[in-house]
2 protein chains.
Amino acid sequence: MLNQHPRRVTRADVAREAGTSVAVVSYVINNGPRPVAEATRQRVLDAIKKTGYRPNGIARALASGTTRTYGLIIPNIANPFLSSMAHSLQQEAFEHGQVLLLGDAGDNRQRELELINNLLHRQVDGLLYTSVDRHPYIELIQASGTPFVMLDRVDPALNVSAIRVDERAAAFQATRHLTEHGYRDIAIICGPREMLNTQDRISGWREALQTARLPVKEEWIFSTTYTREGGYQAACRMLEGTLPRALFATNELQALGCLRALSERGIKVPEEVALVCFNGTVESEFNVPSLTHVRQPVKAMAKAAIEMLKNWNGTPELREFSFDLLIGESCGCCPTLIK
Amino acid sequence: MLNQHPRRVTRADVAREAGTSVAVVSYVINNGPRPVAEATRQRVLDAIKKTGYRPNGIARALASGTTRTYGLIIPNIANPFLSSMAHSLQQEAFEHGQVLLLGDAGDNRQRELELINNLLHRQVDGLLYTSVDRHPYIELIQASGTPFVMLDRVDPALNVSAIRVDERAAAFQATRHLTEHGYRDIAIICGPREMLNTQDRISGWREALQTARLPVKEEWIFSTTYTREGGYQAACRMLEGTLPRALFATNELQALGCLRALSERGIKVPEEVALVCFNGTVESEFNVPSLTHVRQPVKAMAKAAIEMLKNWNGTPELREFSFDLLIGESCGCCPTLIK
DNA sequence: CTGAAAGCGCTAACAC
DNA sequence: GTGTTAGCGCTTTCAG
């Protein structure tokens with residue numbers, strides 16, 4: 001009972017001021033569920049203005065059983081792809097009167113668990129979730145009965161709602177773009193091997209090479225973290241051996257880290273090493289050289305994710321989105337910039 | 001009364017199971033405010049485990065008057081500087097048991113207002129706020145009595161709590177670094193002129209030029225939005241006239257957009273045009289060329305901001321932080337990369 | 001050390 | 001069309 005705010009104006013004050021009952025005040029504020037005479041309605045609105053009344057969202061949430069809040073659990077908001085996704089999700093959610101609780105796990109599995117529990121306690125109306133690793137805490141969420149949508153590939157056996165693009169196909173297409181350039185030695189910089197999305201992306205790469213009848217060399221798989229630093233280090237390792245002619249980086253940060261390492265050795269992209277990457281953002285477009293990249297339809301996916309939470313009925317739904325391969329300068333397609 | 005979740009286990013169930021009163025269950029969960037005998041405590045804990053009880057955060061918030069939630073209002077989470085700030089804020093807040101409600105205004109003033117109202121209704125324990133423009137909705141927040149900290153420069157007359165770096169000094173130092181290189185023609189790409197932080201940054205630039213006894217040419221102020229696109233367009237405008245020898249971009253996105261425009265014309269950085277920028281992130285470090293930039297101590301600032309909310313007592317406090325000028329390749333200091 | 005009970009502010013049946 | 005009132009699940013005072 002330690003109400004920190006001095007003395008809040010409550011609905012009772014408004015009712016008193018307007019000379020009506022508290023119920024009517026509610027009806028006015030919520031436009032229902034019962035009709036209100038226009039005259040009364042005006043009196044209430046005036047009273048609200050006069051008293052400076054602000055409905056208490058918490059009390060409303062307790063009484064109505066809905067918090068108008070979705071939780072967003074992601075590995076790290078500082079990742080440009082995730083922040084662009086978070087941006088779109090928030091915009092879309094807000095259109096539906098919902099706000100997002102930000103659960104940034106800081107790439108830490110333990111923290112992720114704490115956040116999920118925390119947001120669940122807060123009675124979020126739904127959860128949007130990208131896990132830091134391949135072992136998402138699905139059961140925990142399911143046990144709570146909270147609507148939730150994975151923003152990531154998950155084990156199909158788990159039978160949960162998810163939105164995603166076919167990452168294997170996207171990786172295939174990205175790599176095929178390189179093979180169509182005629183490049184034969186094509187390495188991959190990928191994420192931790194135990195992660196499903198890493199596996200998908202490697203599969204796509206592998207298949208594209210096989211389709212082009214190119215050898216798949218295990219030593220050309222450079223596994224690292226999904227960070228700039230990771231891409232940088234993977235490239236450094238790569239530079240110790242024979243240089244591939246082309247490179248598929250499985251996220252944008254890795255590609256940028258890799259570019260940095262290459263440029264420090266004076267290796268030109270795309271002239272000496274061509275590059276395509278996965279999950280590019282506007283950052284890829286503006287980079288010099290601009291990156292040829294797989295782009296997910298973030299806005300449409302956000303819209304779908306919010307809709308799925310909204311129309312939740314307990315039966316898992318999988319929505320797969322098409323992706324685009326945006327051509328930049330890094331693959332060698334475009335006329336190179338004057339240097 | 002449309003409780004969406006089937007039938008929640010409540011404290012009463014736990015009390016019944018443990019053979020105690022509901023009050024004791026509270027005492028156990030909250031470790032207070034009254035002591036509980038160890039034996040009873042165990043019975044309660046067992047009952048909690050057995051029933052799978054989860055405290056309802058909303059009910060707790062209503063009863064206790066604290067939501068354990070802070071609101072974060074920012075122009076756009078997709079801005080790398082802001083997303084790194086959001087990341088640090090969330091990490092720090094979580095250490096204090098608080099979670100952040102994300103209010104991404106989408107660079108829209110109207111939306112910003114809606115978000116503030118929305119989060120205020122939700123009884124956030126505090127608000128962290130960077131406005132999209134120079135007219136923050138201060139009175140609105142103050143009227144609510146909610147603790148709040150501006151994450152931006154505001155009109156000193158407003159008398160609000162804020163954390164910031166001295167942007168004028170930072171801009172001065174960044175520009176001085178260019179004058180010390182011996183560059184004489186130094187342009188500035190800045191944000192909308194009506195914004196205070198733009199004005200501060202312009203002032204710093206101006207003073208640095210004056211200190212170096214260099215002429216300040218009004219036509220070398222290129223005002224645009226704080227985006228990549230803005231930086232790109234400003235650079236294009238600049239390219240229509242005489243090219244300056246050096247350039248101060250007042251945020252990282254503008255610098256990147258500008259770099260793009262320059263490279264499309266085959267203009268080399270730093271050989272032909274040197275560049276420094278404001279509010280760089282790790283992105284500046286990895287860029288090719290790496291950007292010499294002013295770096296704010298984001299983590300320390302986040303820590304301070306959360307502390308200020310926590311220890312809020314109504315009296316405005318201004319905390320100013322020192323900044324770093326991180327030297328990269330874009331200013332011409334470092335040995336240029338082999339190209 | 002424990003229990004009973006009065007709220008917190010609002011929603012929405014149910015009465016009139 | 002409007003008023004009354006029983007909850008929502010929890011915190012915390014006050015008695016014992």
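Naming: A, B, ... by sequence-line order, numbering from 1 per chain.
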note: B:N56, atom CG; D:dG7, atom P; distance rounded to Å ~ 18 Å

With sequence neighbours left out, the residues meeting salt bridge (Lys or Arg N to Asp or Glu O under 4.0 Å) with B:E92 are none

Rounded to whole Å, the CD1-C1' distance (B:I29 to D:dT12) equals 14 Å

B:L62 CG to D:dT12 P, in whole Å, measures 12 Å

Between CG of B:N30 and P of D:dT12 the distance, given in whole Å, is 7 Å

- Task: Using a strict cut-off of less than 4.0 Å between a Lys/Arg side-chain nitrogen and an Asp/Glu carboxylate oxygen, indicate whether B:E95 and A:R111 qualify as a salt bridge.
- Result: yes

Rounded to whole Å, CZ of B:R68 lies from C1' of D:dC10 at a distance of 14 Å

Contacts of A:E317 meeting salt bridge (Lys or Arg N to Asp or Glu O under 4.0 Å) (sequence neighbours excluded), chain-then-number -> none

Residues 73-86 of chain B vs salt bridge (charged side-chain N to carboxylate O under 4.0 Å, His left out), sequence neighbours excluded, gives none

Those residues at least two apart in sequence (or on a different chain) that pass salt bridge (Lys or Arg N to Asp or Glu O under 4.0 Å) with B:E307 are none

Rounded to whole Å, the CG-P distance (A:D13 to C:dC8) equals 11 Å

Whole-Å distance, A:Q123 CD to C:dC10 P, equals 19 Å

Tabulate protein N/O versus nucleotide N/O from nucleotides 2-4 of chain D, keeping only pairs under 3.5 Å, one per line.
residue, atom, partner, partner atom, Å
D:dT2, OP1, A:T40, OG1, 2.3
D:dT2, OP2, A:A37, N, 2.6
D:dT2, OP2, A:T40, OG1, 3.4
D:dG3, OP2, A:S21, N, 2.7
D:dG3, OP2, A:S21, OG, 3.3
D:dG3, O6, A:Y27, OH, 3.1

A:R109 meets the salt bridge (Lys or Arg N to Asp or Glu O under 4.0 Å) criterion, sequence neighbours left out, with A:D133

With the side chain defined as heavy atoms from C-beta on, A:T10 is closest, among C:dC10, D:dT12, D:dG9, to C:dC10

When rounded to whole Å, the CZ to P distance for the pair A:R122 and D:dC10 reads 15 Å

